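No experiment lies behind these values; they were computed from the predicted model shown. Just so you know, ligand 1 is whichever comes first in the structure, and atom 1 is the first atom listed for that ligand.
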Amino acid sequence: MRLNDSRGRPLRDLRISVTDRCNFRCTYCMPREHFGNDYQFLAKEKILTYEEITTIVSSLLPLGIEKIRLTGGEPLMRRNVIELVRQIRALDSRIDIAITTNGILLEKYALQLKEAGLSRVTVSLDALENEVFQSLSDTTNSVDEILQGIEFCRQIELPVKVNCVIQKGVNESQIIPIISYFNKISITPRFIEFMDVGTTNSWNYDSVVSGDEMRKIIELEFGQLEKVESNYPGEVANLWKMKNGSMVGFIESVTNPFCGDCSRARLSAEGSIYTCLFATEGHNIRSILRMDASQEQIGNAISEIWKGRNDNYSEQRGTVEQTEDRVEMSYIGG
Ligand code: SAM
Ligand code: SF4
Ligand code: SF4
């Protein structure tokens, strides 16, 4: 059964935040002045168990869900997340299971993740120059550790994508080195416009480098880019082809919103469903789950939430009043 929201958009994709904790403090996501030593992360008893998450996924399979993405916070920091992949894979042999990670623990876990049934990995890496990387991710880890993780995935044939958030005056200088490096190893880098998620990252329009601006920078170095049509509905990245045949992607949520095709729901680590990245409130599924609701009842509850969905925040950005209580990316799951 295909389930559509009030704008006719199907529910295809579930992003699951498995933890709100992270080993980095990227300045655009979890700035240390807000996420310091005294920050109260979710208590263990509030966080969904793997069995509870698997029950929710199972209740959504009959509704047409096709993709699961594990995210966070840093998903590889949650103990034995491999077990969750195994449990979801046991539900369905064909469903696409991906993970979004900062890559630091990738080399350690990639093989077990693949063996458990993970389909692919998206690594977030915003700079190749170590100093720029360490400053914007606010970490002492090095770029080389992440590159080793990516290389290891390639060796074991676990498909990898690389995402890179570009901020004005921070890391535009990294666009060309990133393309050069990843094109050589046949990975398509995707550049993301800095978004106004949450309320702690001091976002403003002036800090956004638009897709158009990024393409100008790339064309100066590599020659004209040619737009490529997307191969499936709901694809968030706009793909462009370079003169040498390599591809580069852009996720232009600010200047070229894709709400019309948005088929993603998000499940926070504490078990609330959010129907938009910019939502201010979620729908608490954990409470019905812990009242022993059947899978069918959970599926029905989420169906009702999805049917009532009307979100299109990015299409209205700038025309609607900004709310101060939008949830943080590390909580809702990127
Ligand atoms: N820790 C993992 C990681 O960094 O890949 C998974 C969670 S992180 C919140 C998911 C994605 O959201 C990352 O690619 C990150 O760069 C992106 N992200 C976080 N804050 C963002 C913002 N304000 N604008 C654009 N992308 C953002
Ligand atoms: Fe952590 Fe990912 Fe956010 Fe960086 S972007 S602070 S790695 S959750
Ligand atoms: Fe989807 Fe909300 Fe982003 Fe629009 S703003 S694409 S509805 S998550």
Side-chain angles (χ1 to χ4, degrees), residues 5-7 9 11-13 15-32 34-35 39 41 69-78 81 98-106 121-127 133 136-139 141 146 149 160-167 170-171 189-204 207-209 234-237 251-254 256-266 268-269 274-280 309-317 320 326-334:
D5 72 5
S6 70
R7 293 175 184 265
R9 299 168 296 188
L11 171 59
R12 286 203 196 89
D13 186 337
R15 301 195 167 191
I16 303 171
S17 172
V18 295
T19 177
D20 60 336
R21 290 166 196 261
C22 187
N23 40 6
F24 285 6
R25 286 290 179 273
C26 301
T27 49
Y28 58 80
C29 178
M30 297 180 77
R32 203 174 286 278
H34 290 277
F35 294 87
Y39 185 81
F41 289 99
R69 178 172 294 279
L70 306 182
T71 177
E74 175 47 43
L76 296 183
M77 277 187 73
R78 174 125 179 219
V81 76
I99 200 162
T100 302
T101 171
N102 62 29
I104 280 299
L105 295 168
L106 199 51
V121 178
T122 301
V123 179
S124 309
L125 178 62
D126 303 321
F133 164 77
L136 79 81
S137 298
D138 195 356
T139 176
N141 287 111
I146 299 173
V160 183
K161 285 183 183 165
V162 170
N163 281 353
C164 174
V165 177
I166 299 294
Q167 285 173 271
V170 177
N171 63 338
R190 306 183 320 162
F191 295 99
I192 305 179
E193 290 178 350
F194 178 35
M195 292 185 284
D196 47 339
V197 198
T199 53
T200 60
N201 64 9
S202 314
W203 182 92
N204 60 52
S207 50
V208 177
V209 182
E235 165 61 289
V236 295
I251 302 179
E252 298 161 84
S253 344
V254 179
N256 195 1
F258 37 82
C259 301
D261 273 341
C262 179
S263 51
R264 284 172 294 283
R266 292 178 158 83
S268 72
Y274 288 82
T275 56
C276 178
L277 186 51
F278 299 93
T280 50
R309 176 187 192 241
N310 187 33
D311 308 282
N312 66 339
Y313 175 87
S314 285
E315 288 178 349
Q316 303 180 58
R317 184 181 278 111
V320 285
R326 288 196 307 266
V327 287
E328 296 297 321
M329 186 86 137
S330 53
Y331 167 84
I332 196 175

(request) Walk me through it: do Asp311 and Thr275 pass the test side-chain hydrogen bond (donor to acceptor under 3.5 Å, both in side chains)? (result) CA-CA 7 Å; Asp311 308 282; Thr275 56; 2.6 Å; yes
Ligand-residue contact atoms, ligand 1 with [X], heavy atoms, under 4.0 Å:
{"X": "Thr71", "value": "6 (C), 7 (C)"}
{"X": "Glu74", "value": "1 (N), 2 (C)"}
{"X": "Gly73", "value": "1 (N), 2 (C), 6 (C), 7 (C)"}
{"X": "Glu193", "value": "25 (C)"}
{"X": "Asn102", "value": "2 (C), 3 (C), 5 (O)"}

(request) Mind listing the closest non-hydrogen atom pair of Leu105 and Leu76 along with its distance? (result)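 The answer is CD1-O, 3.5 Å.
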[X]-ligand 1 polar pair, N/O distance under 3.5 Å:
{"X": "Tyr28", "result": "yes"}
{"X": "Asp126", "result": "no"}
{"X": "Ser124", "result": "yes"}
{"X": "Gly72", "result": "no"}
{"X": "Thr101", "result": "yes"}

Just wondering, do [Y] and [X] contact through their side chains at under 4.5 Å, heavy atoms?
{"X": "Ile104", "Y": "Phe24", "answer": "yes"}
{"X": "Leu277", "Y": "Met329", "answer": "yes"}
{"X": "Cys262", "Y": "Arg309", "answer": "yes"}
{"X": "Phe258", "Y": "Ile251", "answer": "yes"}
{"X": "Val170", "Y": "Tyr28", "answer": "no"}

(request) Could you tell me if any non-hydrogen atom of Cys26 lies under 4.0 Å from any atom of ligand 1? (result) no
(message) I need the protein N, O or S atoms closer than 2.8 Å to atom 3 (Fe) of ligand 2, given as residue plus atom name.
(response)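 Correct list: Cys29 SG.
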(request) Just jot down the ligand 3 atoms closer than 4.0 angstrom to any heavy atom of Cys262, in number order. (result) 1 (Fe), 6 (S), 7 (S), 8 (S)
(request) Could you tell me which atoms of ligand 3, counted from 1 in the order shown, lie closer than 4.0 angstrom to a heavy atom of Leu277? (result)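 Reading through ligand 3 atom by atom, the close ones are 2 (Fe), 8 (S).
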Which of these, [options], has its nearest heavy atom closest to [atom]?
{"atom": "atom 9 (C) of ligand 1", "options": "Gln167, Met329, Arg15, Arg190", "result": "Met329"}
{"atom": "atom 26 (N) of ligand 1", "options": "Thr122, Val123, Ile166, Val165", "result": "Val165"}
{"atom": "atom 2 (Fe) of ligand 3", "options": "Ser263, Cys276, Gly260", "result": "Cys276"}

(request) May I ask you to identify the nearest protein heavy atom to atom 10 (C) of ligand 1, giving residue, atom name and distance to one decimal place in Å? (result) Gly334 CA, 3.7 Å
(message) Suppose we measure from atom 24 (N) of ligand 1 to each protein heavy atom; which comes out shortest, and what is that distance?
(response) Met195 N, 2.9 Å
(message) Looking only at side-chain N and O atoms, does Arg15 offer a donor or acceptor that is under 3.5 Å from a partner on Thr100?
(response) no
(message) For Asp20 and Tyr39, which I'm curious about, is there any donor-acceptor pair between the side chains at under 3.5 Å?
(response)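 No pair is found: no donor N or O on one side chain lies under 3.5 Å from an acceptor on the other.
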(message) Set out, in order, the CA-CA distance, both residues' side-chain angles and the distance that settles side-chain hydrogen bond (donor to acceptor under 3.5 Å, both in side chains) for Thr19 and Glu74, then state yes or no.
(response) CA-CA 7 Å; Thr19 177; Glu74 175 47 43; over 6 Å; no
(message) Going by the rule salt bridge (charged side-chain N to carboxylate O under 4.0 Å, His left out), which residues pair with Arg32 if we only count those two or more places apart in sequence or in a different chain?
(response)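 Scan of Arg32 (salt bridge (charged side-chain N to carboxylate O under 4.0 Å, His left out), adjacent residues dropped) gives Asp138.
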(request) Take the angle between the ring planes of Tyr313 and Phe278 and call it parallel below 30°, perpendicular above 60°, tilted in between. (result)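 Ring orientation, 0 to 90° scale: parallel.
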